[in-house]
Amino acid sequence: MVCVALLSNPKSTGNRAMLPRVRSYCANHPDIFHYEVEHADQIGRALQTISRVDPAVIVINGGDGTVQAALTELYQGEHFKGKVPPIAVLPNGKTNLIALDLGTYGDPLKALDRIVEIAKTGLDQYIVVRELISLSDGQVGSRPVLGMFLGGAGLADYILYCRNRIYPLGLSNGLSHFLTAMAVIFSLLLGISGKYMPPRARPIQVSLIREGQLRGRFSLLIVTTLEKLLLGARAGSTDAQGSMKLMAVDQSIPALFRMLFASVSGQLGKHKLTGIHLERGDMIRIEGDRSSVILDGELFEAGAGQAIVLTSTAPVPFLRLAA
């Protein structure tokens, strides 16, 4: 009997060194069904095959793009006829936000071994539910993509700057993220711009249905259905409606430092701070001059005159390793 189905992308950065160990592990555990894909368009066929072995848990082993494509196909493809098994994510991407939210960190192979143990001994106490973000252009008939963490406004530009300018230097993830943060701070503080510096954020309008609008230039725009926002913030009051949590930070050094200080002191989200907007919503529209966002590592850009529309899905079961 198959207790775990493992979906791997050999071309993801983390798998280039780790996948031989994963293959060896799976060869010694016949209760693991291991399926490898090299391109996102193969994931639908992979999940169709996985559904036939009826696993207790589906484990995604790949980068952010693999996770996003798999989540989209799982809940758009109907391969499991509405009864999708709990999902686990190995810590194998650049940021690993979803894996961390689910208590999965450290050596991916040790995490996989723990998942197999849980699948054999009982899942109930480890299952948690999370809503997904459904991203579309709002047009009838368009097929949305699904994910759990979205960065927009300046943050999308900073992520692309890190990916295109800093990662190619071959530095560690932590050092790459630190250098990107320093570049952002210096560009805001000194007004420096140019080919080798992060770009200035473009003005956008963010509309939360029933909750009003935000307009301006934002150095950070985060929307997530993870348990916590980036830096530990919790968005909105306890009686606020909507499972999507939003944080927007005005593009100014005072607002950025207020956010960082509040985060370090554990006060972010507990009090209103000038230039920091924390909200919740069940539908969010992002509009601007060719607005771009990054959903779980993948870039999406609205066409001229179009909006990016976010809604939340019904609750989805995930496997959290820390019960």
Side-chain angles (χ1 to χ4, degrees), residues 9-22 60-68 89-111 147-201 218-222 224 226 228-233 247 249 251-253 255-266 268 292-299:
N9 179 358
K11 292 189 174 181
S12 70
T13 303
N15 271 333
R16 291 171 188 167
M18 188 190 72
L19 198 58
R21 295 173 57 211
V22 171
I60 303 173
N61 173 33
D64 295 332
T66 305
V67 175
Q68 182 267 314
V89 179
L90 295 186
N92 195 18
K94 288 287 189 182
T95 51
N96 296 326
L97 291 174
I98 297 175
L100 289 172
D101 185 68
L102 298 173
T104 312
Y105 49 85
D107 185 347
L109 201 59
K110 290 182 178 179
M148 297 179 75
F149 184 89
L150 178 142
L155 180 58
D157 294 329
Y158 306 153
I159 292 173
L160 292 175
Y161 169 79
C162 182
R163 182 183 296 176
N164 298 329
R165 294 290 184 185
I166 306 299
Y167 281 159
L169 299 177
L171 306 173
S172 67
N173 289 350
L175 182 56
S176 296
H177 299 161
F178 174 78
L179 290 177
T180 300
M182 291 299 98
V184 170
I185 290 173
F186 279 115
S187 68
L188 292 175
L189 186 63
L190 304 177
I192 300 175
S193 61
K195 181 179 179 181
Y196 297 103
M197 296 299 290
R200 178 175 171 79
F218 302 105
S219 58
L220 293 177
L221 175 66
I222 295 170
T224 185
L226 298 177
K228 291 184 179 181
L229 282 172
L230 197 64
L231 304 175
M247 177 168 71
V249 179
Q251 190 176 46
S252 72
I253 281 294
L256 194 59
F257 276 106
R258 275 193 290 270
M259 180 204 66
L260 293 174
F261 179 79
S263 175
V264 171
S265 63
L268 189 59
S292 59
V293 299
I294 293 179
L295 179 66
D296 290 349
E298 295 298 297
L299 176 67

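Computed over heavy atoms, backbone and side chain alike; hydrogens, waters and symmetry mates excluded. Numbering of residues begins at 1 and proceeds along the displayed sequence. Only a predicted model underlies this, so the values are computations on that prediction, with no experimental measurement involved.
Two residues are said to be in side-chain contact when any heavy atoms from C-beta on lie closer than 4.5 Å; L19 and N61 meet this criterion. You'll find the side chain of M247 reaches within 4.5 Å of the side chain of M259, heavy atoms only. The shortest side-chain heavy-atom distance between D107 and R21 falls under the 4.5 Å cut-off. Using a 4.5 Å heavy-atom threshold, the side chains of I60 and T66 count as touching. The side-chain heavy atoms of V22 and L109, taken from C-beta on, include a pair separated by under 4.5 Å.
Between V293 and G152, the closest heavy-atom pair is CG1-CA, 4.1 Å. Nearest approach of C162 to P168, heavy atoms of both residues: O-CD, 4.4 Å.
Taking NE2 of H177 as the start and CG of L171 as the end, the distance is 11.0 Å to the nearest 0.5 Å. Expressed to the nearest 0.5 Å, how far CG of L169 lies from CG of L175 amounts to 9.0 Å. Atom CG of residue L179 and atom OH of residue Y167 lie 11.5 Å apart, to the nearest 0.5 angstrom. A distance of 4.5 Å separates OG1 of T180 from CD1 of I166, quoted to the nearest 0.5 Å.
In this structure S265 satisfies the side-chain contact (heavy atoms from CB on, under 4.5 Å) test together with F261, Q267, sequence neighbours excluded.
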T224 vs F149, side chain to side chain contact (heavy atoms under 4.5 Å, CB included): CA-CA, chis, key distance, verdict:
CA-CA 5 Å; T224 185; F149 184 89; 3.9 Å; yes
